[in-house]
> 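Before I ask anything, here is the structure I am working with.
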Amino acid sequence: MPGLISAVRRFDRTNISEDVWDALRDRDNAARANVILPHAEKVSSHQEFLPGSEQLWLVYSEPATSNIRYILSCTEGPLGKYPLFIVPIAPIELTPELLQGPMEAFCEGLLNEADFRRQRVFSVFSVEAVSKAFASAWEKITEIKRKDAPYYDAFFSICTPETLVRHGPQSTDEEIELRLAVPQDADKISQLCQEFASTSDPYTLTLARASEEARLLIENGQVWVYEIREGGGEPDIASIVAATRQSDTVVAITKVYTPDRWQRGGRAIRLVRRVCRELLKTHEQVVLYVGATNPAKKLYDRVGFQDLHEETPGAEHWLEIGFDGAEVGHW
């Protein structure tokens, strides 16, 4: 194990090295690295952002080489600590025998951190084989059991200017506006954020925390709304799409929600398509995760997101595996 631990380098927000930035920004890695790169760029370039917060990255390279194979983040955002994110670096080989050593080295690296609490590791999110290998290593080393069922079982998907289906069925005679949210939308978006979180156990939100999330999304220009006015009445928000985790080339859609009252009218797909059109004016790729059994896969498929079906050769499964006795954060 000493040899494997020595293959792990540690970085905080002040000293991420150029080879790590290059690996995260590389064209072959940038889409998967979206769970790590935008946050790393923000906290590194704005030292005043979230002062005193936990911002840690571990980087595993092949022993005796400079070839980076995996990057792990143990960080936190404005609403709480994030899961551990692990990004495999291309070229990717995810066989169990190649994963065991690096994941055990990551576990030892975390446990060797000063004042690190085992309860901090409430979940790990990565490509399925990586998440399973890390969970096995964490169980073996700490004797902390994983949850019986994953928190999230998802397909990773990408939409590009070439795959985007730019036009679809138009709306009916509804009076609508598709736009970025403004501060006056905060109360309604807070409610929708809370409703969305209620479907994402264990990441439920109180109304106060949902209001904080809505405020941040609006302030940062990261949430779009489908505003509808029915029968000359007061306008309502029929659907929202949050577009966060933005780097130079990649941006993620991280929240799509339509309340029951406004479902089955094609509103979500119209808003997602509009948001993707806007995002792809300035980015090369829009990425998202969608639950493996979520019917919304059909929606994203019709917009132009790729590899959303198990039988597709390029399909990529990601798992979030939770652990017992941990203090759950938020993402």
> Take Arg215 and Glu212, measure what salt bridge (charged side-chain N to carboxylate O under 4.0 Å, His left out) needs, and give me the verdict at the end.
CA-CA 5 Å; Arg215 182 187 67 80; Glu212 177 65 8; 2.6 Å; yes
> Who passes salt bridge (Lys or Arg N to Asp or Glu O under 4.0 Å) against Lys81, sequence neighbours left out?
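Listed in chain order: Glu54, Glu76.
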> Would you say Val20 and Ile92 are hydrophobically clustered, going by side-chain heavy atoms of ILVMFWY under 4.5 Å?
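Yes, same cluster.
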> Is the shortest distance from a Lys or Arg side-chain nitrogen in Lys255 or Glu213 to a carboxylate oxygen in the other one below 4.0 Å?
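Salt bridge between Lys255 and Glu213, a charged N being under 4.0 Å from a carboxylate O: yes.
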> Does Arg25 come within less than 4.0 Å of Glu41, counting only side-chain N to carboxylate O?
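Salt bridge present between Arg25 and Glu41.
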> Is it possible for you to say whether Trp224 and Val290 belong to one hydrophobic cluster, with membership spreading through side-chain heavy-atom contacts below 4.5 Å?
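Linked, Trp224 and Val290 end up in one cluster.
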> Aromatic ring centroids of Phe85 and Trp331 under 6.0 Å?
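Ring-ring flag for Phe85/Trp331: true, centres closer than 6.0 Å.
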> Please work out which of the three classes, parallel, tilted or perpendicular, describes the rings of Phe106 and Tyr70, given edges at 30° and 60°.
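The rings of Tyr70 and Phe106 stand perpendicular, inter-plane angle above 60°.
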> I'd like to know if Arg146 and Asp324 make a salt bridge, using a cut-off of under 4.0 Å between side-chain N and carboxylate O.
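Answer for the salt bridge query: no.
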> Answer with yes or no whether the side chains of Trp318 and Glu320 bring together a donor and an acceptor at under 3.5 Å.
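No.
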> Determine, for Lys281 against Glu278, whether the closest basic-nitrogen to carboxylate-oxygen distance falls under 4.0 angstrom.
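Salt bridge flag = yes for Glu278 with Lys281.
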> Which residues pass the side-chain hydrogen bond (donor to acceptor under 3.5 Å, both in side chains) test with Asn29, not counting sequence neighbours?
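Expected list: none.
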> Hey, do the aromatic rings of Phe155 and Phe305 have their centres closer than 6.0 Å?
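Not close enough - the centres of the two rings lie 6.0 Å or further apart.
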